[in-house]
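Report on one structure; see the data block that follows.
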Amino acid sequence: MSSLQSFKFQDLATGRLEQQLVKVERPILRIPHLAIHLQRNVNESFGPNTENHLVPILATEAQEALEKEVSNTGTSCTSAVQQNWHPPALLSLLCSQLGVKPEQVVEIELCLADTQPATLGGAFNEFIFSPRLDNLHSCYCALQALIESSDGPGVLAKESNVRLVALYDNEEVGSESAQGAVSLLTELVLRRISASPQNLTAFEEAVPKSCMISADMAHAVHPNYADKHDKNHRPEFHKGPTIKVNNNQRYASTAITEALIREIASRVDVPLQEYMVRNDSPCGTTIGPILASRLGLRVVDMGCPQLAMHSIREMCCTSGVLQSIALFKGFFELFPTLDRGLLSN
């Protein structure tokens, strides 16, 4: 695993605080699993203690001592971050990439991520094996669709709507952050976009005329665990993005938003599937219901099928990328016209 960091450090000359991002491309930490020889029943019940068993290994004390002897400059570190919270070897490595001194570091936010790059696989190279497909897959497709739908001179000259992609942080831990979907950030940005001195209720008028695709990956049916899916709702690879429905509003799709996206899909020749969790199984959720309830916005929840969701190495199909981009592009281009012709009670 490598580290992804947000650094806040102090310029010793000016006293000014600065924030920078840094990524270490090579693997520097690893959480090795205990060998099966030392826990014979691990395949019967795997449940590591999250406090004791998930601490990554950075270096050995012996090697660190040898490195200190070679590189010791006699400079003592006065940073509380280095002295109390983080190994000096880790800080030195990160600071060398930033070009700052360890004693300048004031605070750190640290995340670990798999360093292995994504790759194509399968007999016909039809699969993508990659970390974090949920939800970088949807993010990439949405951004690419926005770019393609806006490409060309005069494309947006007569556009009556605002085409927008919002990428949120902290979705997997509840979205309750300043940059998460629960915060007021979305509403504040949309209000500023729609603000007009000539129309003080422009935002309130725009919301019911708008629609959002909550794009988050879906569970493909697993060939070894097909019974985990309802027999009539088993998303498969290559058969198109999946509309997600839940009667308890864990997904925000409605009959109207489903009809709109189905019409768009038919016009851009993208197949669709539908997924509803089994009645005897708990259902996950997305930011769709959060934004639908906070903004009063029409939402359809959907995403491409994938396997091994939330594993460090996930799996989806290559055609899903092209299908998603085509569908999202069609949504940007066709929704205003379709919505104007929609008759609804």
Side-chain angles (χ1 to χ4, degrees), residues 120-128 130 133-166 209-221 229 232-245 251-276 286 288 298-307 315-344:
L120 297 179
F124 306 104
N125 276 338
E126 62 184 304
F127 303 131
I128 301 173
S130 173
L133 285 172
D134 175 38
N135 194 33
L136 293 181
H137 182 294
S138 303
C139 294
Y140 170 79
C141 293
L143 285 171
Q144 191 63 33
L146 180 64
I147 293 169
E148 292 183 13
S149 73
S150 307
D151 191 24
V155 171
L156 301 178
K158 297 182 180 180
E159 174 62 82
S160 58
N161 286 35
V162 175
R163 301 177 185 179
L164 185 147
V165 170
K209 299 176 184 177
S210 303
C211 187
M212 182 186 83
I213 295 177
S214 171
D216 201 354
M217 300 296 277
H219 293 290
V221 62
H229 282 65
N232 296 315
H233 297 89
R234 294 180 172 178
E236 299 179 32
F237 287 161
H238 303 307
K239 293 189 177 181
T242 301
I243 298 173
K244 297 187 279 188
V245 181
Y251 301 132
S253 304
T254 66
I256 292 176
T257 57
E258 286 184 65
L260 283 168
I261 203 65
R262 287 187 186 280
E263 178 61 24
I264 292 170
S266 68
R267 296 193 184 191
V268 298
D269 198 26
V270 171
L272 292 179
Q273 305 181 78
E274 186 166 296
Y275 172 71
M276 180 180 284
T286 68
R298 291 176 292 175
V299 175
V300 59
D301 263 298
M302 65 188 313
C304 269
Q306 72 158 88
L307 294 172
M315 176 179 176
C316 70
C317 65
T318 53
S319 61
V321 177
L322 301 176
Q323 290 167 340
S324 293
I325 294 174
L327 180 64
F328 297 163
K329 181 173 179 284
F331 174 74
F332 284 129
E333 295 172 342
L334 300 175
F335 169 75
T337 302
L338 285 175
D339 189 52
R340 283 194 295 269
L342 176 66
L343 297 178
S344 172

Legend entry - Whether over 12 other heavy atoms sit under 6.0 Å from D269 CG: no
Could you tell me whether a side-chain N or O of [X] sits under 3.5 Å from a main-chain N or O of [Y], the two making a donor and an acceptor?
X: R163; Y: L156; answer: no
X: S149; Y: L146; answer: yes
X: Q323; Y: H238; answer: yes
X: E126; Y: C317; answer: no
X: H219; Y: H229; answer: no
X: N135; Y: A215; answer: yes

Just so I know, are the side chains of [X] and [Y] near enough to count as touching, which here means a heavy-atom distance under 4.5 Å?
X: R340; Y: T337; result: yes
X: D134; Y: Q306; result: yes
X: F332; Y: V165; result: yes
X: T254; Y: R298; result: no

Heavy-atom closest contact ([X] atom, [Y] atom, distance):
X: F127; Y: G122; value: CD1-CA, 3.7 Å
X: A220; Y: F237; value: CB-CE2, 3.9 Å
X: F335; Y: S210; value: CZ-C, 4.0 Å
X: L327; Y: P241; value: CD2-CG, 4.1 Å
X: A218; Y: T242; value: CB-CB, 4.0 Å
X: S324; Y: H137; value: OG-CE1, 4.0 Å

To the nearest 0.5 Å, how far apart are [atom1] in [X] and [atom2] in [Y]?
X: L342; Y: E263; atom1: CG; atom2: CD; value: 11.0 Å
X: L136; Y: M217; atom1: CG; atom2: CE; value: 10.0 Å
X: S138; Y: L143; atom1: OG; atom2: CG; value: 11.0 Å
X: L334; Y: I261; atom1: CG; atom2: CD1; value: 9.5 Å
X: F331; Y: C211; atom1: CZ; atom2: SG; value: 4.5 Å
X: K244; Y: S214; atom1: NZ; atom2: OG; value: 6.5 Å

Inset, instruction - Let me know which of I213, V270, L338, L272 forms a side chain to side chain contact (heavy atoms under 4.5 Å, CB included) with I264. - result: L338
Legend entry - Exercise: do S253 and D301 side chains pair donor with acceptor under 3.5 Å: no
Inset, instruction - Could you walk me through whether I243 and R262 pass the side chain to side chain contact (heavy atoms under 4.5 Å, CB included) test, one step at a time? - result: CA-CA 9 Å; I243 298 173; R262 287 187 186 280; 3.9 Å; yes
